[in-house]
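Numbering starts at 1 and runs along the sequence shown.
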Amino acid sequence: MRQIKSVKCLNPGSAMNEPFKLAVFISGRGSNLQAILDQIDNSELDAQVACVISNRSEAGGLGIAQQHGIKAVHLSPKQFASEQDYEKALLAVLQEADTNLIVLAGYLKMLPQLVIHLYKNRIINIHPALLPSFGGKGMFGIHVHEAVLEYGCKVSGATVHLVDENYDTGVPILQECVPVKCSDTPESLAARVLEVEHRLLPAAIKLFVQDRIVIDNRRIVIKP
Ligand code: GRF
């Protein structure tokens, strides 16, 4: 049966004109986080980064969050006696932040299934290739661009997609192509794709803020 859903990311606070709150997950330097913050600072994106969560204590993006006065949390399953304790701690941070949308911005771990379930259709991820190609477990960072070049692709790109229970299989929201040059190295291709990521991820967040996302089975329709 055909299922068409309009995704509402509203919480009780939004009825009182509260900002649209993002929980951003990172594992590394956080340039995508920076791109989101730049758009918020320039008033191009009407949202607030309520918290930044990293599975790695040394992630550069945690410093970016602190400089902006944003709650920055290092949370990894390794810090907890059980998966349940980890889930509980993660959910407490998300709930305290009054999270409307979870944004995975270079986050290299799978979220707990309970979080994926509770925030269904309210979690997005940026992937540095045109899914469904060059996605899945182990396809992250420079490995993606190496694989694209090894295959001999003429185009690559970036995808923002909804997150479901598996790696990189959720419905695409926005995709943009990046031509592959004969002279490309994995690093040069990564740099050009990253420029696109920095535009595409804030653009996708904006669609949620403006309540313009409709899910029609495996297709996202963007309301005008
Ligand atoms: C980005 O290319 C992202 O797509 C990938 O990891 C990189 C993270 O970069 N999954 P940054 O931490 O946002 O700078």
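In the hydrophobic cluster analysis, where Ile, Leu, Val, Met, Phe, Trp and Tyr join through side-chain heavy atoms closer than 4.5 angstrom, Ile222 is grouped apart from Ile123. A continuous path of Ile, Leu, Val, Met, Phe, Trp and Tyr side chains, each step under 4.5 Å between heavy atoms, connects Leu104 with Val115, placing both in one hydrophobic cluster. Both Tyr86 and Tyr119 are part of a single hydrophobic cluster, where members link through side-chain heavy atoms under 4.5 Å apart. Leu131 and Val193 fall into different hydrophobic clusters, where Ile, Leu, Val, Met, Phe, Trp and Tyr are joined by side-chain heavy atoms under 4.5 Å apart, directly or via other members. In this structure, Leu62 is not a member of the same hydrophobic cluster as Val73, with clusters built from ILVMFWY side-chain heavy atoms closer than 4.5 Å.
Panel note: side chain Arg29, backbone Gly60; no donor-acceptor pair is recorded below 3.5 Å. Side-chain atoms of Asp85 do not come within 3.5 Å of backbone N or O of Phe80 as any donor-acceptor pair. With hydrogens and angles disregarded, no donor-acceptor distance shorter than 3.5 Å links the side chain of Asn125 to the backbone of His161. Put simply, the side chain of Ser54 never gets that close to the backbone of Ser57: no donor and acceptor are under 3.5 Å apart. Looking only at distances, no side-chain donor or acceptor of Thr159 sits under 3.5 Å from a matching main-chain atom of His127. Of the possible polar contacts, none joining the Asn42 side chain to the Glu44 backbone as a donor-acceptor pair under 3.5 Å is found. When atom types are taken as modelled, the side chain of Thr99 and the backbone of Leu101 share no donor-acceptor pair closer than 3.5 angstrom. For the pair Glu176 (side chain) and Leu200 (backbone), a donor-acceptor distance under 3.5 Å is absent.
Here the CD-CG distance, from Glu96 to Leu91, works out to 12.5 Å after rounding to the nearest 0.5 Å. Residue Leu207 holds its CG atom at 4.5 Å from CD1 of Ile213, rounded to the nearest 0.5 Å. Note: Met139 CE to Glu146 CD = 9.0 Å, rounded to the nearest 0.5 Å. Separating the CZ atom in Phe140 from the CG atom in Asp168 is a distance of 11.5 Å, to the nearest 0.5 Å. Taking CD1 from Ile126 and CD1 from Ile173, the interatomic distance works out to 10.0 Å, rounded to the nearest 0.5 Å. Atoms CG and CZ, from Leu174 and Arg199 in turn, are 11.0 Å apart once rounded to the nearest 0.5 Å.
Ile102 is not listed as a side-chain neighbour of Ile124, based on a closest heavy-atom distance of 4.5 Å or more. Put simply, the side chain of Gln48 does not reach to within 4.5 Å of the side chain of Ile70, judged on heavy atoms. Contact of the Glu187 side chain with the Ile142 side chain is registered, since non-hydrogen atoms from C-beta on lie closer than 4.5 Å. Within the 4.5 Å cutoff, the side chain of Gln175 has no heavy atoms near those of the Val160 side chain. Counting heavy atoms from C-beta outward, Pro179 and Lys154 have side chains that stay 4.5 Å or more apart. The shortest distance between side-chain heavy atoms of Val155 and Val148 does not fall below 4.5 Å. Side-chain contact between Pro128 and Leu194: absent, with no pair of heavy atoms (C-beta onward) separated by less than 4.5 Å. Counting heavy atoms from C-beta on, the side chains of Val24 and Ile53 never come closer than 4.5 Å.
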Checklist entry - Could you walk me through whether His198 and Ser31 pass the side chain to side chain contact (heavy atoms under 4.5 Å, CB included) check? => result CA-CA 8 Å; His198 291 168; Ser31 70; 2.9 Å; yes

Checklist entry - So Val171 and Asp164, side chain to side chain contact (heavy atoms under 4.5 Å, CB included) or not? Walk me through it. => result CA-CA 8 Å; Val171 190; Asp164 63 13; over 6 Å; no

Item to check | Test side chain to side chain contact (heavy atoms under 4.5 Å, CB included) applied to His68 and Gln34, step by step | outcome: CA-CA 10 Å; His68 275 76; Gln34 184 67 63; 4.1 Å; yes

Next on the checklist: For Gln113 and His117: C-alpha separation, side-chain torsions, deciding distance, then whether side chain to side chain contact (heavy atoms under 4.5 Å, CB included) applies.
Outcome noted: CA-CA 6 Å; Gln113 294 295 312; His117 174 72; over 6 Å; no

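Nearest heavy-atom pair across Asp46 and Phe20 is O-CB, 4.0 Å. Pairing each heavy atom of Ile26 with each of Ala59, the nearest pair is CD1-CB, 4.1 Å. Here the closest heavy-atom approach between residue Pro112 and residue Leu90 is recorded as CD-CD2, 3.6 Å. Minimum interatomic distance between Ala97 and Lys21 (heavy atoms only, all atoms of both residues): O-CD, 3.2 Å. In plain terms, the two heavy atoms of Arg218 and Pro172 that are nearest each other are NH2-CD, 3.9 Å. Between Leu114 and Glu87, the shortest heavy-atom contact is CD2-OE1, 3.5 Å.
Side-chain contact of Ser156 with His145: a donor-acceptor pair under 3.5 Å is absent, judged by distance alone. For the residue pair Glu58 / His74, no side-chain donor-acceptor distance below 3.5 Å is found, with atom types taken as modelled. Side-chain contact annotation: Asn55 with Ser76, donor-acceptor N/O pair under 3.5 Å absent.
The residues Arg192 and Asp184 are annotated as salt-bridged, a charged nitrogen and a carboxylate oxygen being separated by less than 4.0 angstrom.
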